[in-house]
Structures are given as C-alpha cells and as structure tokens.
Amino acid sequence: MSWRTIVISRSAKLDYKLDYLVIRQQEITRVHLSEISILMIESTAVSLTAVLLNELVRRKIKIIFCDEKRNPSAELLPYYGSHDTSAKVRKQTEWTKETKKMVWTEIVTEKIRKQMEFLKRLRKEEYHLLEEYIEQMTPGDSTNREGHAAKVYFNALFGMKFTRAADCPCNAALNYGYGLLLSVCNREIAANGYITQLGLFHDNMFNQFNLGSDLMEPLRILADMQVYKMKPEKFEHEEKMQMVDMLNQEVVIDGKKNYLNNAIKIYCRSVFDAINEQDVSLIRFYRNEL
C-alpha cells in the first residue's frame, strides 16, 4: 500500500531504476515506488527523466509541480486511469441531475457536520448554529446552508475579522492544504477512469477540476485543523512541510485505520459506487480522532 509523500525541495536529478525512484543530490537516495503515493517537486531546480515520469503515471502516483514561489502550480494526470475509461466517461456523462443532487447533498452535509464537530471539540458555542444548518439542509442545498456555515465556522476559528479573501499567512496555508487535497482527489478520479471536468455541483467552465472540487469538500477540515494548530505568522518552507505532513496522518474509514491517502481512495470509490447504484448509503466518509 502506497503511503509516502516525497517532497523534493532543493536541486536534484530524479531517475528510475529497478522499481526505485533514485534521487541524486549530494548523496543518492532510493525509494521504492510501491511506497510512494505523492511526489511533490517543490524546487524548480529539479530535472526528471521521461522514463521516471512514465513509470510514476503507470503506477498512478500523483506528481505535483510547484512554481518559483514553491506553490503548487500543476499536476500530472494520465489520459487513461482505468482499462475501461471510455465506458466510465460515457457513464459519467449520463449521471442524472437527481442522482448528482442526492450525492452532493450527502457530501455537503458531511462537510458541515465535520465543521460542527471540530467547533464542538474546541468548545466553541457556534457549533449550535451549524447543528441547526444541518437540520435545515434541503436537497442540493438549495438554501445555501454551506455558505452560511462557512462564515460562522471561519469566524469562530480565526476571529470575527477573518475573511477567506484576506492576504495573510493563514489563508496561504489553507489554500496550500486545499490544493494538496484537491490533487489527491483528482488522482483518484483519474485512477477510477473518470474525468475531472464534469462535476456534481461545481460546474465552472474555467475549472478543469470540478469533480475534484466536489469530492474534496468533506476533506477540507483536515487542512483547517492543521492551520488552526499551526497558527502561522508566516508561510514559508517549514510551514508548507507541516501542511504536506497532513497527508501522512491516519484516519478511520469503514471501521479501520488507514493512512489518509488510502482513506481518500476508499471514499472516492464509494462515491462513484453511490452515483452509479443511486444509493447514497454506499458512501464511506472518514472519521478523524481529534
């Protein structure tokens, strides 16, 4: 089972040899590909061989590239993540509005539930409001309980003056964490043979990751928890590595402990099963022990 997140943060040459990722710096490091879930190229002073890239894609290892400011800027997705991709994509285009609305309602309700549980454990009285929003949820969240919950939730966590539009270390850390979670969801979408552009709720013509944006919603709390714990006064390399470490934690899903990367795999697959079988009871959400 792959579980490691490998971050290349300084000049290096990366190669493939006998099932190993070979990292050539002042010293040579080898990591077996079976252990790797995500490879993040944080430095622009890194060279990779084509044979390595092809092998990483073949094994469905997520590759994330960063820009000169070390922020995630791109990711590598395979054209064909499954042997029956054509059939899966055809089926995806036939998902009905009613089914998508039903599954989206479960996803967004779980997101608010996780926010509520976090506030409750922090003994923030605002959790009562989020409980009410869950009870008021309508199909497809037609009354935008998610938006109302988000405002209450973020103000409770980071103060009444906090807004998600502010240019501050806290938002930089949140955006970085959300970007990582989105990338993992996109990997699972491709690995299961679907395409990321066609979403359940998100439907932005300029967003090539609409489906990933849908699936990641209940996962956002993981980045929120990490940032709340960090309380960053700056957001540089050390803080980014703390956010990356978020992916290495263990959570509970289907009654068993799993590394987060594997739990996301189980969750995404269960969402696809729920859509195709039109049965939301098939969705498997993770549980995090705070």
Side-chain angles (χ1 to χ4, degrees), residues 1-78 167-188 190-191 209 212 216 219 222-250 259-262 264:
M1 180 180 67
S2 59
W3 57 276
R4 298 181 67 173
T5 300
I6 305 295
V7 181
I8 310 298
S9 57
R10 55 190 175 90
S11 178
K13 291 184 178 180
L14 307 185
D15 198 357
Y16 169 76
K17 188 173 183 180
L18 299 175
D19 284 347
Y20 281 85
L21 163 65
V22 181
I23 306 169
R24 304 181 189 277
Q25 295 173 319
Q26 290 182 344
E27 298 180 352
I28 296 179
T29 304
R30 293 178 174 84
V31 184
H32 201 275
L33 294 187
S34 64
E35 299 179 3
I36 304 174
S37 174
I38 297 174
L39 173 65
M40 174 177 282
I41 311 299
E42 194 190 34
S43 170
T44 55
V46 173
S47 61
L48 304 87
T49 62
V51 67
L52 172 64
L53 289 175
N54 275 295
E55 191 62 26
L56 293 173
V57 168
R58 188 179 72 80
R59 293 173 181 249
K60 298 181 175 62
I61 295 172
K62 169 64 68 176
I63 309 162
I64 302 174
F65 297 96
C66 296
D67 60 20
E68 69 281 359
K69 296 181 180 179
R70 298 179 181 268
N71 292 317
S73 60
E75 60 187 59
L76 192 59
L77 286 172
D167 183 8
C168 62
C170 183
N171 272 324
L174 288 172
N175 292 338
Y176 192 86
Y178 295 156
L180 294 175
L181 293 168
L182 176 60
S183 288
V184 179
C185 288
N186 290 335
R187 177 195 65 196
E188 296 308 322
F209 303 124
M216 71 171 287
L219 305 172
L222 297 165
D224 303 339
M225 290 165 55
Q226 188 79 345
V227 174
Y228 182 81
K229 180 172 64 177
M230 289 165 55
K231 294 181 171 54
E233 296 182 359
K234 56 185 176 64
F235 191 65
E236 298 175 356
H237 177 71
E238 181 180 345
E239 289 75 24
K240 289 177 181 177
M241 291 305 96
Q242 291 183 59
M243 294 305 299
V244 170
D245 191 53
M246 162 187 70
L247 299 175
N248 295 323
Q249 66 180 290
E250 288 187 328
Y259 286 105
L260 178 60
N261 275 306
N262 198 51
I264 293 176

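Quick caveat, the model's predicted, so the values are computed rather than measured.
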(Q) Measuring only between side-chain heavy atoms, which start at C-beta, is Leu21 closer than 4.5 Å to Thr29? (A) no
Q: Indicate yes or no: at least one non-hydrogen side-chain atom of Met246 is less than 4.5 angstrom from one of Leu181.
A: yes
Specify the closest pair of heavy atoms between [X] and [Y], including all atoms of both residues, with the distance to one decimal.
{"X": "Gly212", "Y": "Asn186", "answer": "CA-OD1, 3.5 Å"}
{"X": "Tyr176", "Y": "Pro72", "answer": "CE1-CD, 3.2 Å"}
{"X": "Ala223", "Y": "Leu174", "answer": "O-CD2, 4.1 Å"}
{"X": "Val7", "Y": "Met241", "answer": "CG1-CE, 3.6 Å"}

For the atom pair [atom1] ([X]) and [atom2] ([Y]), what is the distance rounded to the nearest 0.5 Å?
{"X": "Thr49", "Y": "Lys17", "atom1": "OG1", "atom2": "NZ", "answer": "12.5 Å"}
{"X": "Leu48", "Y": "Asp15", "atom1": "CG", "atom2": "CG", "answer": "9.5 Å"}
{"X": "Cys66", "Y": "Lys240", "atom1": "SG", "atom2": "NZ", "answer": "7.0 Å"}
{"X": "Tyr259", "Y": "Thr5", "atom1": "OH", "atom2": "OG1", "answer": "11.0 Å"}
{"X": "Leu77", "Y": "Lys60", "atom1": "CG", "atom2": "NZ", "answer": "12.0 Å"}
{"X": "Glu35", "Y": "Asp19", "atom1": "CD", "atom2": "CG", "answer": "11.5 Å"}

Q. So Leu33 and Ile36, side chain to side chain contact (heavy atoms under 4.5 Å, CB included) or not? Walk me through it.
A. CA-CA 5 Å; Leu33 294 187; Ile36 304 174; 3.9 Å; yes
**Q.** Listed once per pair and sorted, the ring-ring contact (aromatic ring centres under 6.0 Å, His included) pairs that draw on residues 48-74, sequence neighbours left out
**A.** none
Q) Can you check side chain to side chain contact (heavy atoms under 4.5 Å, CB included) on Leu182 and Glu75, steps first, answer last? A) CA-CA 10 Å; Leu182 176 60; Glu75 60 187 59; 5.6 Å; no
Quick check against the 3.5 Å criterion: does [X] have a side-chain atom that pairs as donor or acceptor with the backbone of [Y]?
{"X": "Asn175", "Y": "Asn171", "result": "yes"}
{"X": "Arg4", "Y": "His32", "result": "no"}
{"X": "Gln226", "Y": "Gln242", "result": "yes"}
{"X": "Glu239", "Y": "Glu236", "result": "yes"}
{"X": "Glu55", "Y": "Leu52", "result": "no"}

Q: Flag yes if more than 12 heavy atoms outside Lys229 fall under 6.0 Å of its NZ atom; otherwise flag no.
A: no
Q: Taking atom NZ of Lys231 as the centre, report whether more than 12 heavy atoms of other residues, nucleotides or ligands fall under 6.0 Å from it.
A: yes
Q: Would you check, one step at a time, whether the test side chain to side chain contact (heavy atoms under 4.5 Å, CB included) holds for Leu56 with Tyr16?
A: CA-CA 9 Å; Leu56 293 173; Tyr16 169 76; over 6 Å; no
Q. How far apart are the C-alpha atoms of Gln249 and Leu222, what are their side-chain angles, what is the distance that settles it, and do they pass the side chain to side chain contact (heavy atoms under 4.5 Å, CB included) test?
A. CA-CA 10 Å; Gln249 66 180 290; Leu222 297 165; 3.9 Å; yes
Q) Which residues pass the side chain to side chain contact (heavy atoms under 4.5 Å, CB included) test with Arg30, sequence neighbours left out? A) Tyr20, Val22, Ile28
Which pairs would a plain distance check flag for residues 38-47, meaning a side-chain donor or acceptor within less than 3.5 Å of a matching protein atom at least two apart in sequence or in another chain?
| unit_1 | atom_1 | unit_2 | atom_2 | d |
| --- | --- | --- | --- | --- |
| Glu42 | OE1 | Arg70 | NH1 | 3.2 |
| Glu42 | OE1 | His237 | ND1 | 3.1 |
| Ser43 | OG | Ala45 | N | 3.0 |

